[in-house]
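Each chain gets a letter, A, B and so on, in the order its sequence line appears, and its residues count up from 1. Keep in mind it's a predicted model, so treat the numbers as computed, not measured. Values below: all heavy atoms of this structure, side chains included; hydrogens, waters and symmetry mates excluded.
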Amino acid sequence: MPHIELPEPDVGVLRRLPILIEGLKSRVGQDLLIVDEDGRRAYETDAFTAYRRVPMLVVLPRTTEEVSKILKYCHENDVKVIPRGAGTSLCGGSLPTEDAIVLCISKMNRVIEIDYANRLARLEAGITNLQITAEVAAGGFFYAPDPSSQLACTLAGNLAMNSGGAHCLKYGVTTHNVLGVKMVLIDGTVVEIGGSALERNGYDLLSLVIGSEGQLGVITEATVKLVPSPEGARPMMIGFRSPEAAGSCVSAIIAAGIIPVAIEYMDHAAIEVCEAFAGAGYPLDAEALLIVEVEGSEAEIGILLGRIAEIAARFDPKTVQISSDADQSARIWAGRKAAFGAIGRISDYLCMDGTIPLAQLPHALTRISQICAEYGLKVANIFHAGDGNLHPLILYDANSPEEAERAELAGEAILKLCVELGGCLTGEHGVGIEKRELMTTQFTPTDLAVQMRIKTVFDPTWRLNPAKVFPLAITNVMRAGDAASTPEAA
Amino acid sequence: MIARFAREKRGIEVVGHGALRNTGRVATADVVLTTSGLKGVTLYEPTELVMSARSGTPIYEIESILAARGQMLSFEPVDLGPATGAPGGALSIGGVFATNFSGSRRISAGSARDNLLGVRAVNGRGELFKSGGRVMKNVAGLDVARGLTGSWGTLAVMTEVTFKVAPLPQTMQTLAFVGLPDDLAIEALNIAMATPLEISGAVHLPKNCVDRLKVPKLKGVGQSLTLLRLETFATSIDERREKLKVALKVYGKPIELDAEDTFSLWSEFRTLSMMPFSTETSLWRISTLPTKAPEIVAAIQKFMDVVAFYDWSGALIWLEVPAAADAGAADVRRAVAVRGGHATLIRAEPEIRNTVEVFEPLKPEIERLTRGIKSAFDPSGLLNRGRMYANF
């Protein structure tokens with residue numbers, strides 16, 4: 001079995017379960033609880049499916065007030081809580097433990113207010129990412145962060161992971177597109193962090209909350225920025241003979257002062273699989289493919305894509321193809337966005353999420369191939385080239401526990417490489433359980449202590465989303481120890 | 001050094017080159033720690049749009065290095081020195097992130113905080129730590145780097161910052177609509193911001209503010225001006241300007257400024273040259289919803305003479321009020337409280353800044369978290385004590 005350690009359940013809590021169920025029933029009513037095992041099993045994992053634990057209870061609140069009552073009750077009764085949106089985390093960010101309650105906010109999915117005049121929307125956090133854009137498209141706006149799972153993933157999950165997407169080169173990630181949140185602390189206190197104004201008052205607590213992976217509180221509402229929809233957008237595809245040529249082309253585009261809305265890189269293995277899936281006309285003979293998208297009016301798009309084609313010509317491309325119509329554009333993006341799914345049809349895979357400085361791309365790709373070869377595994381690479389976010393997909397057979405373990409070890413080696421090259425462990429997926437133990441490769445004990453003390457301010461007894469983000473041994477000490485003993489740096 | 005002061009429990013005032021010393025509350029401290037010796041760019045990768053610099057590096061140095069490669073700080077940091085009677089041109093990059101005061105382009109390019117990627121800093125325990133990094137996307141652990149922005153050196157002393165940079169626009173133009181009252185002007189700015197024309201500046205100047213402008217072409221207009229800046233490729237700018245004129249047709253025929261005049265005009269906003277230093281007046285900075293901004297100014301105007309400057313399509317108001325014992329705090333805060341937002345006192349005599357609340361008072365549950373964060377970074381309360389709030 002894969003080798004990430006999960007904590008032993010607290011039998012004391014499991015023994016109290018019938019009492020806990022009665023307690024919660026009396027506070028929020030039976031309808032919100034999922035008690036039966038089949039029902040609970042639906043929440044046993046997320047998109048990091050190698051790990052599964054059936055939670056002892058699932059609660060589906062409909063209001064902030066109910067969330068507050070549930071958390072307060074858990075706080076008073078020493079119960080751990082796993083906040084959950086749609087369960088699309090790729091790093092086990094919403095993996096339950098057997099002695100915890102899953103608090104799933106997917107029923108809280110209403111639009112509270114759309115304010116076009118001030119270009120913002122207030123939403124319950126269980127709304128799906130794509131639904132936000134659907135609600136405001138008629139007004140000429142969209143919500144910018146666009147993770148590949150946007151059809152299913154919730155705003156709450158995006159906030160927890162500070163999600164990005166293919167278009168964040170121009171529009172930023174979640175933390176750039178949120179003005180404020182309503183959050184419930186573990187003791188049931190409801191706090192408004194940030195607001196509707198562009199600027200925060202006092203400390204920027206919102207920055208600490210966004211991307212905190214459910215460690216600080218449960219977000220029930222958020223106010224997000226609305227961005228005017230571009231007049232038009234069109235991608236082009238450039239096939240290269242080598243990763244070096246593709247990487248240099250990206251540098252040259254940016255050096256020319258052009259910031260495309262997206263620059264996506266696929267290696268040969270990814271091109272083959274995605275072309276078979278989407279039939280987008282990806283160049284099968286290329287070693288590396290760039291999908292470059294620009295926005296603007298028809299005239300502007302034509303001029304910009306023309307300039308990019310001129311720049312690309314300096315790097316001896318095999319193919320340069322500007323999307324001819326809306327249908328081809330859609331297929332080009334369908335292929336890219338479905339890349340994970342398409343690869344999933346031919347093999348099980350582990351999706352890594354490191355970042356690297358762009359200049360390191362050729363070297364990183366060579367080393368990644370070597371690492372995977374050493375572990376006897378194949379790899380396909382997808383890369384948000386504009387912002388350095390690399391997604392190597394390590395292919396393996398999930399039916400072989402031995403191969404699964406090799407895949408995890410190869411993944412660890414790749415992430416360590418990313419950190420060595422000046423990048424980081426995760427660009428947009430989060431740490432979850434997957435990269436918890438690797439945090440010490442990116443951070444010193446002091447760096448981690450600084451973060452953990454912040455966690456302790458919000459969640460003094462470490463009951464929220466246990467066994468994630470920070471190395472397990474340290475979090476066990478935190479939970480066992482008294483709240484006042486903030487971790488001291490080594 | 002901080003570790004030693006921490007052991008000795010000596011209060012530390014953190015300063016750069018002094019650009020911000022006349023802003024905020026006055027810290028109580030035994031020693032002054034200056035970052036002015038921490039100078040120099042430590043990393044610059046133009047093709048990756050990233051730069052690192054030691055925190056005491058003056059921004060004019062950073063901007064000239066960037067300009068030599070056709071790049072810039074997109075968030076146009078505002079230098080409050082001249083408006084507060086502190087030295088001009090003394091603003092350091094650390095001060096920019098410690099206050100998160102961004103200029104007009106914030107509306108399209110994000111704030112200083114949005115463009116921050118990583119920091120190295122020393123907290124009040126004397127521990128050196130890092131957060132973030134040099135890559136655009138980084139979600140490993142809590143975003144402590146951005147969490148330090150706007151904390152005015154009360155949590156940690158930044159020693160090095162890494163931030164995103166952007167290409168300089170190829171060209172720029174400004175449309176100036178004349179004579180609009182505040183409410184119509186804000187409406188016009190927000191209609192422009194809702195178009196996909198990527199407006200990079202949306203400012204409204206009432207008449208008394210226009211009278212203080214220096215740009216020759218607008219100096220003598222004698223009426224309010226509603227200003228929209230376009231920055232893009234030379235091949236696009238005329239098309240965008242014409243589209244903008246069509247979208248705002250009902251607001252009249254605008255004055256058009258070329259690239260040179262546009263540059264001079266928007267440079268004035270970076271030093272608030274319309275709000276020059278004076279002991280006769282105080283200066284407030286109000287963050288609110290654009291549609292509420294004219295109401296807030298009108299409500300305060302009932303009680304005193306004001307000069308207002310609306311930036312960010314109304315989301316930011318710089319407000320000059322007559323000097324008074326409380327710098328007008330009671331009226332300003334009441335006007336803001338009922339309409340949403342928050343106000344910060346920027347300029348007033350030191351005694352006044354130490355008696356009224358400079359920052360908008362916090363709600364109890366937020367104050368509890370704020371004190372907790374302060375204590376996590378600086379348990380003995382040594383760093384810039386009293387700089388933001390009287391008691392911590």
>> Within the structure provided, determine whether B:Asn138 and A:Gln442 are in side-chain contact (heavy-atom separation under 4.5 Å).
In response: yes
>> Given heavy-atom pairs under 4.5 angstrom as the criterion, report whether the side chain, backbone, both or neither of A:Ala252 touches chain B.
In response: neither
> Non-hydrogen atoms of chain A under 4.5 Å away: do they reach the side chain of B:Arg106, the backbone, both or neither?
Replying inline: side chain
>> Do B:Val139 and A:Val173 have side chains that approach each other closer than 4.5 Å (heavy atoms only, starting at C-beta)?
In response: no
>> So for B:Ala315, is it side chain, backbone, both, or neither that comes closer than 4.5 Å to the heavy atoms of chain A?
In response: side chain
>> According to salt bridge (charged side-chain N to carboxylate O under 4.0 Å, His left out), who are the partners of B:Lys164, at least two apart in sequence or on a separate chain?
In response: none
> Which answer fits B:Glu45, side chain, backbone, both or neither, if we ask what part of it has an atom under 4.5 Å from a heavy atom of chain A?
Replying inline: neither
>> Taking side chain as everything from C-beta outward and backbone as N, CA, C, O, which of these in A:Arg307 sits under 4.5 Å from a heavy atom of chain B? Side chain, backbone, both or neither.
In response: side chain
>> Among residues at least two apart in sequence or on other chains, which ones pass side-chain contact (heavy atoms from CB on, under 4.5 Å) with B:Ala67?
In response: none
> Side chains of A:Leu206 and B:Arg146: does their closest heavy-atom pair fall under 4.5 Å?
Replying inline: no
>> Would you say that B:Leu369 contacts A:Phe458 through its side chain, given a criterion of any heavy-atom pair below 4.5 Å between the two side chains?
In response: yes
> Heavy-atom distance under 4.5 Å to chain B: side chain of A:Leu358, backbone, both or neither?
Replying inline: both
> Can you name the closest pair of heavy atoms from B:Val135 and A:Gly423 and give their distance?
Replying inline: CG1-CA, 4.2 Å
>> Please find the pair of heavy atoms, one from A:Pro230 and one from B:Pro196, that lie closest to each other, and give the distance.
In response: CA-CB, 3.9 Å
> So which heavy atom on B:Met388 is nearest to which on A:Gly202, and how close?
Replying inline: CE-CA, 4.1 Å
>> Which atoms of A:Leu438 are under 4.5 Å from chain B, going by heavy atoms: the side chain, the backbone, both sets, or neither?
In response: neither
>> Does any backbone or side-chain atom of A:His384 lie under 4.5 Å from a heavy atom of chain B? Answer side chain, backbone, both or neither.
In response: side chain
> Shortest non-hydrogen contact from B:Thr47 to A:Ala255?
Replying inline: CG2-CB, 4.0 Å
> chain A contacts: which residues in residues 360-367 of chain B have a non-hydrogen atom closer than 4.5 Å to it?
Replying inline: B:Glu360, B:Pro361, B:Leu362, B:Lys363, B:Glu365, B:Ile366
> Under a 4.5 Å heavy-atom cut-off, does chain A meet the side chain of B:Arg69, its backbone, both or neither?
Replying inline: neither
> Side chains of B:Arg113 and A:Thr175: is there a donor and an acceptor less than 3.5 Å apart?
Replying inline: yes
>> Would you compute the distance between atom NE2 of B:His342 and atom CD of A:Glu199 and round it to the nearest 0.5 angstrom?
In response: 6.5 Å
>> Could you measure the distance from the OG atom of B:Ser151 to the CG atom of A:Asp204? Nearest 0.5 Å is fine.
In response: 9.0 Å
>> For A:Lys170, which atoms come within 4.5 Å of any heavy atom of chain B: side chain, backbone, both, or neither?
In response: side chain
> Would A:Ser207 and B:Asp143 satisfy side-chain hydrogen bond (donor to acceptor under 3.5 Å, both in side chains), going step by step from the backbone distance to the final call?
Replying inline: CA-CA 6 Å; A:Ser207 285; B:Asp143 193 351; 5.1 Å; no
> In terms of heavy-atom proximity below 4.5 Å to chain B, should A:Ile259 be classed as side chain, backbone, both, or neither?
Replying inline: side chain
>> Report which part of B:Thr344 has an atom under 4.5 Å of a heavy atom belonging to chain A: side chain, backbone, both, or neither.
In response: neither
>> Tell me the closest heavy-atom pair linking A:Gly422 and B:Arg134, and the distance in Å.
In response: O-CG, 3.4 Å
> Between A:Arg453 and B:Asn123, is any pair of side-chain heavy atoms under 4.5 Å apart?
Replying inline: yes
>> Quick check on B:Lys374 against chain A: is it the side chain, the backbone, both or neither that has a heavy atom closer than 4.5 Å?
In response: both
> Non-hydrogen atoms of chain B under 4.5 Å away: do they reach the side chain of A:Phe141, the backbone, both or neither?
Replying inline: side chain
> Who passes side-chain contact (heavy atoms from CB on, under 4.5 Å) against A:Leu304, sequence neighbours left out?
Replying inline: A:Ile258, A:Val294, B:Phe233
> Does any heavy atom of chain A fall under 4.5 Å from the side chain of B:Thr288, the backbone, both, or neither of them?
Replying inline: backbone
>> For A:Thr426, which atoms come within 4.5 Å of any heavy atom of chain B: side chain, backbone, both, or neither?
In response: both
